[in-house]
A.B. asks: 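Structure incoming, see below.
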Amino acid sequence: MKKPIFVSKPYIPPLEKYKLYLERAFDQSILTNNGPLVQELELKLKELLAVKHLVLVANGTLALQIASKIKNLENKQTITTPYTFAATLTSLEWQNCPYTIGKIDPYNWNLMPDEVEREVSVGNVNAMLPVNIFGMPCDLDKFEAISNKYDVPLIYDSAHSLFSKYKGKSIFDFGDIHCVSLHATKLFHSTEGGILVFKHAEDEIAARKLINFGIAADGSIDEPGINAKMSELHAAMGLTVLDDLKFIIEERQNIIANYKSYLSSDFIYQSASYDNFTQPIYLPIKFPSAESLDRAFNQLAKHNVFARKYFHPSAYQFLSDENRDRLASSLPIVSNILCLPLMNGLTDNEVKYISDIVNRALE
Ligand SMILES: *Cc1c(COP(=O)(O)O)cnc(C)c1O
């Protein structure tokens, strides 16, 4: 390839459409502080997702930090997954929340509920933070049952799974809080941004205070908050991209279908035993060995194609010794997973070109 292909590229909407939303902010001289564009984006997302309690924030990491604050995780022991982007873990570290790392399912690559239940049942753990990795929903029924039986908070890092479905249902029917990222590289984005979705009305009220320094409607501040507000300029980008959402999803689904038609049947895809819709945000494939993955990665790079070993957890030097040991149990699975380039505008020729190189690495 003459021009490099990276693992992802932000969706760039037509500038003219973005300008129409920006003009509204300029005309009204409102740039932030829960302005009309933020309110419109919230309303549209609430309708689209059929949820009652939704708050836009400045990014997905702040969404995680606000969620851990609302559920008081600094005084609990949280269990989370070893296979995730650093922000899941760094947000817990930043909030001084103690946590332990569980095991992942060999097929869906998400936190395995069985061990979590054992740890919760004996009182070692009293909060859960699973991640719907690469958009694939966790076994939401199982985590819900644990949360209800032992009365422990359940927060999902849904950074990848805004439009994913579980057994035909919305993922937002499950859990206490979902934290979504609207970063430019995610499927649906607002340049930088995030969403909090709540089951309980009181958690939404708490979040609205916390994202605005802790200031309540009457002006009092009973708990220090932070500034996590989304600006009007970011909401304008969100509204613009939202208008193209159907096209974004359909085109990426076609690209994935093309990859699957070209790639060798020796590759293993992320899969679940339950019915699900995984939004087309990444294309991870599992190689038969770490060596074949390295061969493919290097060959791709030689041809100006940059795949990514996403979330390679051995990079997380900040972990405690105990968590580093616990994380090591996931390495035999995750060391064989590579994400191939997936972005809107990737052509069929490019997909075939990439697939051929990757297939040859198996030989
Ligand atoms: C992107 C991401 C985040 C962080 O979101 P930002 O909006 O970039 O702050 C958190 N968790 C996961 C799994 C992510 O991929």
Side-chain angles (χ1 to χ4, degrees), residues 6-11 38 41 45 54-69 73 78-95 97 99 101-102 104-105 108-111 128-138 143 154-164 171 175 177-197 207 210-211 226-231 233-235 237-238 241 270 278-284 308-313 315-316 318-319 327 330 334 337 339 342-343:
F6 296 102
V7 71
S8 76
K9 198 174 72 180
Y11 177 73
V38 164
L41 183 56
L45 287 169
L54 179 150
V55 176
L56 288 171
V57 293
N59 60 59
T61 305
L62 279 162
L64 285 162
Q65 288 174 219
I66 304 270
S68 60
K69 188 95 181 158
L73 297 194
T78 300
I79 190 161
T80 188
T81 174
Y83 193 38
T84 185
F85 179 55
T88 314
L89 307 175
T90 59
S91 66
L92 291 169
E93 299 266 353
W94 191 261
Q95 298 291 121
C97 305
Y99 65 97
I101 286 177
I104 56 169
D105 179 283
N108 65 34
W109 312 336
N110 280 322
L111 182 63
M128 298 181 282
L129 177 57
V131 181
N132 299 312
I133 201 71
F134 300 132
M136 163 75 70
C138 295
F143 285 110
L154 176 52
I155 300 170
Y156 282 102
D157 181 335
S158 289
H160 302 167
S161 56
L162 181 58
F163 300 110
S164 294
I171 61 165
I177 307 180
H178 286 260
C179 307
V180 183
S181 168
L182 302 183
H183 184 260
T185 55
K186 306 299 204 265
L187 178 83
F188 165 64
H189 76 87
S190 61
T191 311
E192 292 273 2
I195 307 177
L196 279 160
V197 180
L210 285 172
I211 68 168
I226 196 164
N227 180 2
K229 301 186 303 290
M230 178 180 276
S231 81
L233 307 189
H234 291 86
M237 181 59 110
V241 176
Q270 190 181 23
T278 295
Q279 70 168 12
I281 181 167
Y282 299 105
L283 182 58
R308 178 91 58 86
K309 267 179 143 181
Y310 258 120
F311 322 133
H312 206 40
Y316 301 166
F318 57 82
L319 293 172
L327 185 142
S330 69
V334 310
I337 300 171
C339 283
L342 177 63
M343 66 205 76

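As the structure lists them, so they are numbered: ligands from 1, and atoms in each ligand from 1. Heavy-atom basis, side chains included; hydrogens, waters and symmetry copies ignored.
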A.B. asks: Please could you name the atoms of ligand 1 that Gly60 approaches to less than 4.0 Å, counting only its heavy atoms?
C.D. replies: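 Counting atoms of ligand 1 from 1, those under 4.0 Å from Gly60 are 5 (O), 6 (P), 7 (O), 9 (O).
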A.B. asks: I need the nearest protein heavy-atom contact for atom 11 (N) of ligand 1: residue, atom name and distance, please.
C.D. replies: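 Result: Asp157 OD2, 2.8 Å.
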A.B. asks: Please determine if His183 has a nitrogen or oxygen closer than 3.5 Å to a nitrogen or oxygen of ligand 1.
C.D. replies: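 N/O-N/O distance below 3.5 Å does not exist for this pair.
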A.B. asks: Can you establish whether the number of heavy atoms outside Lys309 located under 6.0 Å from its atom NZ is more than 12?
C.D. replies: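 Count over threshold, so yes.
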A.B. asks: Do me a favour and list the nearest non-hydrogen protein atom to atom 12 (C) of ligand 1 with residue, atom name and distance?
C.D. replies: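 Scanning the protein heavy atoms, the shortest distance from atom 12 (C) of ligand 1 goes to Ala159 CB, 3.3 Å.
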A.B. asks: For the residue pair Tyr282 and Tyr310, is the inter-centroid distance of their aromatic rings smaller than 6.0 Å?
C.D. replies: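 Ring centroids of Tyr282 and Tyr310 are less than 6.0 Å from each other.
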A.B. asks: Compare Tyr310, Phe311, Phe85 and give the one whose heavy atom is closest to atom 3 (C) of ligand 1.
C.D. replies: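 Closest candidate by heavy-atom distance is Phe85.
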A.B. asks: Less than 3.5 Å apart, any donor N or O on the side chain of His183 or Thr185 sitting next to an acceptor on the other?
C.D. replies: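 Note: His183 and Thr185 side chains meet the donor-acceptor criterion.
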A.B. asks: Closest non-hydrogen protein atom to atom 9 (O) of ligand 1, residue and atom name please, with distance?
C.D. replies: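 Its nearest protein heavy-atom neighbour is Thr61 OG1, 2.6 Å.
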A.B. asks: Any idea which atoms of ligand 1 are less than 4.0 Å away from a heavy-atom of Gly193?
C.D. replies: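 Under 4.0 Å from Gly193, ligand 1 has these atoms: 7 (O).
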A.B. asks: Which atom names give the shortest non-hydrogen contact between Ile195 and Leu45, and what distance separates them?
C.D. replies: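 Closest heavy-atom pair between Ile195 and Leu45: CD1-CD1, 3.8 Å.
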A.B. asks: Any N or O of Lys186 that comes nearer than 3.5 Å to an N or O of ligand 1?
C.D. replies: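 Yes - when backbone and side-chain N and O of Lys186 are compared with those of ligand 1, one distance drops under 3.5 Å.
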A.B. asks: Is there any N or O on Tyr282 that sits under 3.5 Å from an N or O of ligand 1?
C.D. replies: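 For ligand 1, there is no N or O atom that lies under 3.5 Å from one belonging to Tyr282.
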A.B. asks: Centroid separation under 6.0 Å, is that true for the rings of His160 and Phe188?
C.D. replies: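 No: the rings miss the under 6.0 Å criterion.
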A.B. asks: Is the Tyr316 to Phe311 ring centre distance short of 6.0 Å?
C.D. replies: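 No, ring centres 6.0 Å or more apart.
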A.B. asks: Between Leu196 and Leu56, is the side-chain contact (heavy atoms from CB on, under 4.5 Å) condition met? List the steps.
C.D. replies: CA-CA 6 Å; Leu196 279 160; Leu56 288 171; over 6 Å; no
A.B. asks: Among all protein heavy atoms, pick the one closest to atom 15 (O) of ligand 1 and tell me residue, atom and distance.
C.D. replies: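 Protein heavy atom with the smallest distance to atom 15 (O) of ligand 1: His160 NE2, 2.6 Å.
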A.B. asks: Assess, by modelled atom type and distance only, whether the side chains of Glu93 and Tyr99 contain a donor and an acceptor separated by less than 3.5 Å.
C.D. replies: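 Result is yes, a qualifying pair exists.
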A.B. asks: Which of the atoms in ligand 1, numbered in the order shown and given with their element, are less than 4.0 Å from a heavy-atom of Thr84?
C.D. replies: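 Matching atoms, with element in brackets: 13 (C).
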